[in-house]
Visitor: 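Please read through the structure below; I'll follow up with questions.
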Amino acid sequence: MWYIWLILFLVFIGIEIITTGIFFFLCFSVGALFAMMSALLGFDYQVAIVVFCVVSVLSVLLIRPFLKIYFKKRNVGSNVDSLIGTKTQVLENIGPNAPGKIKVEGEVWLAVSKDNQTFSVGQTVEIVSVDGTKLIVKNAE
């Protein structure tokens with residue numbers, strides 16, 4: 001009977017890998033792992049099912065929220081979103097209605113002011129958001 005729990009454990013882990021960041025099927029895999037251990041210890045299938053259900057529910061209630069918070073804090077933006085918060089210098093003047101240019105990580109980007117401020121060449125700005133192919137900047141000081 002333990003091998004059925006092993007197969008369920010592997011299936012739930014596989015589904016969790018496909019659906020990254022949900023951590024729902026991970027909780028079921030923990031339940032299947034504990035049910036497999038109870039089957040290996042010689043308990044009958046009814047005990048293993050109860051162990052699976054109890055451990056799965058406890059995992060969903062206790063482990064899943066912790067994992068979601070932990071991995072949300074560690075989530076780093078990808079592609080252009082990773083530029084948000086970067087400080088850089090202005091290459092071409094940025095006016096209230098006139099986009100300018102900044103250089104970020106070796107690439108030149110079109111930049112506009114967040115609050116219709118004016119930034120001159122050499123002034124330090126901070127990237128606050130992305131709007132299509134333009135970076136929205138504010139004064140970094």
Side-chain angles (χ1 to χ4, degrees), residues 1-41 43-141:
M1 188 67 175
W2 65 270
Y3 55 88
I4 293 173
W5 293 110
L6 177 63
I7 292 170
L8 282 174
F9 169 76
L10 294 173
V11 167
F12 288 136
I13 287 290
I15 294 172
E16 182 62 41
I17 290 170
I18 293 170
T19 60
T20 57
I22 296 175
F23 304 116
F24 189 72
F25 291 100
L26 179 67
C27 297
F28 288 126
S29 67
V30 171
L33 184 65
F34 275 83
M36 181 183 74
M37 287 190 288
S38 70
L40 284 171
L41 291 173
F43 293 103
D44 62 356
Y45 72 93
Q46 292 146 337
V47 173
I49 291 173
V50 170
V51 168
F52 171 75
C53 292
V54 170
V55 172
S56 294
V57 167
L58 287 175
S59 296
V60 168
L61 295 176
L62 301 175
I63 296 173
R64 184 172 183 252
F66 171 76
L67 289 174
K68 288 186 79 162
I69 290 170
Y70 178 74
F71 283 101
K72 185 175 183 178
K73 289 180 184 176
R74 296 187 57 206
N75 190 10
V76 178
S78 62
N79 300 331
V80 72
D81 292 329
S82 66
L83 300 177
I84 295 173
T86 303
K87 294 181 182 179
T88 187
Q89 292 190 345
V90 176
L91 293 179
E92 185 180 290
N93 292 339
I94 301 171
N97 294 317
K101 294 184 180 176
I102 60 175
K103 189 171 189 175
V104 185
E105 296 182 3
E107 294 183 9
V108 177
W109 287 82
L110 197 60
V112 294
S113 172
K114 177 183 177 199
D115 301 319
N116 292 327
Q117 296 176 322
T118 302
F119 300 110
S120 57
V121 175
Q123 191 171 356
T124 303
V125 293
E126 180 179 351
I127 301 167
V128 292
S129 64
V130 179
D131 183 19
T133 59
K134 293 179 264 183
L135 300 177
I136 313 301
V137 296
K138 70 174 187 175
N139 193 354
E141 299 164 358

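When reading the values below, keep in mind they use all heavy atoms of this one structure, side chains included, and skip hydrogens, waters and symmetry mates.
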Visitor: Check whether more than 12 heavy atoms from other residues, nucleotides or ligands sit under 6.0 Å from atom CG of Asn97, and answer yes or no.
Guide: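 No.
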
Visitor: Can you list the residues that meet the side-chain contact (heavy atoms from CB on, under 4.5 Å) rule with Ile7, with sequence neighbours excluded?
Guide: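 Scan of Ile7 (side-chain contact (heavy atoms from CB on, under 4.5 Å), adjacent residues dropped) gives Val11.
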
Visitor: Within a strict 4.5 Å, meaning less than it, do heavy atoms of the Ile94 and Gln117 side chains meet?
Guide: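 A side-chain contact is absent here, since even the closest heavy-atom pair is not under 4.5 Å.
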
Visitor: Tell me whether the rings of Phe12 and Phe25 are parallel (<30°), tilted (30 to 60°) or perpendicular (>60°).
Guide: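 Parallel: the ring planes of Phe12 and Phe25 meet at under 30°.
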
Visitor: Please identify each residue that fulfils ring-ring contact (aromatic ring centres under 6.0 Å, His included) with Phe24, with sequence neighbours left out.
Guide: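 For Phe24 the ring-ring contact (aromatic ring centres under 6.0 Å, His included) partners, ignoring immediate neighbours, are Phe28.
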
Visitor: For residues 30-38, dump all side-chain donor-acceptor pairs below 3.5 Å to protein atoms at least two apart in sequence or in another chain.
Guide:
from	atom 1	to	atom 2	distance (Å)
Ser38	OG	Ala35	O	2.7

Visitor: Listed by chain and number, what are the side-chain contact (heavy atoms from CB on, under 4.5 Å) partners of Glu126, not counting sequence neighbours?
Guide: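 For Glu126 the side-chain contact (heavy atoms from CB on, under 4.5 Å) partners, ignoring immediate neighbours, are Lys87, Lys138, Ala140.
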
Visitor: Is Ile22 close to Arg64 at the side-chain level, that is, under 4.5 Å between some pair of heavy atoms?
Guide: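 When only atoms from C-beta onward are counted, Ile22 and Arg64 do touch, with a gap below 4.5 Å.
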
Visitor: Find out whether Phe52 and Ile49 are in side-chain contact, i.e. whether some heavy atom of one side chain is under 4.5 Å from a heavy atom of the other.
Guide: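 Sidechains of Ile49 and Phe52: no contact.
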
Visitor: Mind checking the CD-OG spacing from Glu92 to Ser120? Nearest 0.5 Å is all I need.
Guide: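 The OG atom of Ser120 is 12.5 Å from CD of Glu92, to the nearest 0.5 Å.
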
Visitor: Kindly write out the residues that satisfy side-chain contact (heavy atoms from CB on, under 4.5 Å) with Thr88, not counting sequence neighbours, or none if the list is empty.
Guide: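 Applying side-chain contact (heavy atoms from CB on, under 4.5 Å) to Thr88 gives Ile102, Val104, Val125.
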
Visitor: In chain order, what residues pass the side-chain contact (heavy atoms from CB on, under 4.5 Å) check against Val47, with sequence neighbours excluded?
Guide: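 Per chain and number, Val47 pairs via side-chain contact (heavy atoms from CB on, under 4.5 Å) with Phe43, Asp44, Val51.
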
Visitor: What's the separation between atom CD1 in Ile13 and atom CZ in Phe9, rounded to the nearest 0.5 Å?
Guide: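 Rounded to the nearest 0.5 Å, the CD1-CZ separation comes to 4.5 Å.
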
Visitor: Heavy-atom distance under 4.5 Å between the side chains of Val128 and Ile84, does that happen here?
Guide: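 Not in contact.
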
Visitor: My understanding is that only one of Leu91, Val137, Leu135 makes a side chain to side chain contact (heavy atoms under 4.5 Å, CB included) with Trp109; could you say which?
Guide: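 Per the side chain to side chain contact (heavy atoms under 4.5 Å, CB included) rule, the option paired with Trp109 is Leu135, out of Leu91, Val137, Leu135.
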
Visitor: So, taking the atom named CG in Leu10 and the one named CG in Leu6, what distance separates them when rounded to the nearest 0.5 Å?
Guide: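 Separation between the atoms: 4.5 Å.
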
Visitor: Identify the residue among Leu67, Val60, Ile63 that makes a side chain to side chain contact (heavy atoms under 4.5 Å, CB included) with Phe23.
Guide: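 So the option named by the test is Leu67.
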
Visitor: For the atom pair OG (Ser56) and CG (Leu61), what is the distance rounded to the nearest 0.5 Å?
Guide: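 Output value for this atom pair is 10.5 Å.
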
Visitor: Restricting to non-hydrogen atoms, name the atom on Val112 and the atom on Pro99 that form the minimum distance, rounded to 0.1 Å.
Guide: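 Smallest interatomic distance, heavy atoms only, reads CG1-CB, 3.6 Å.
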
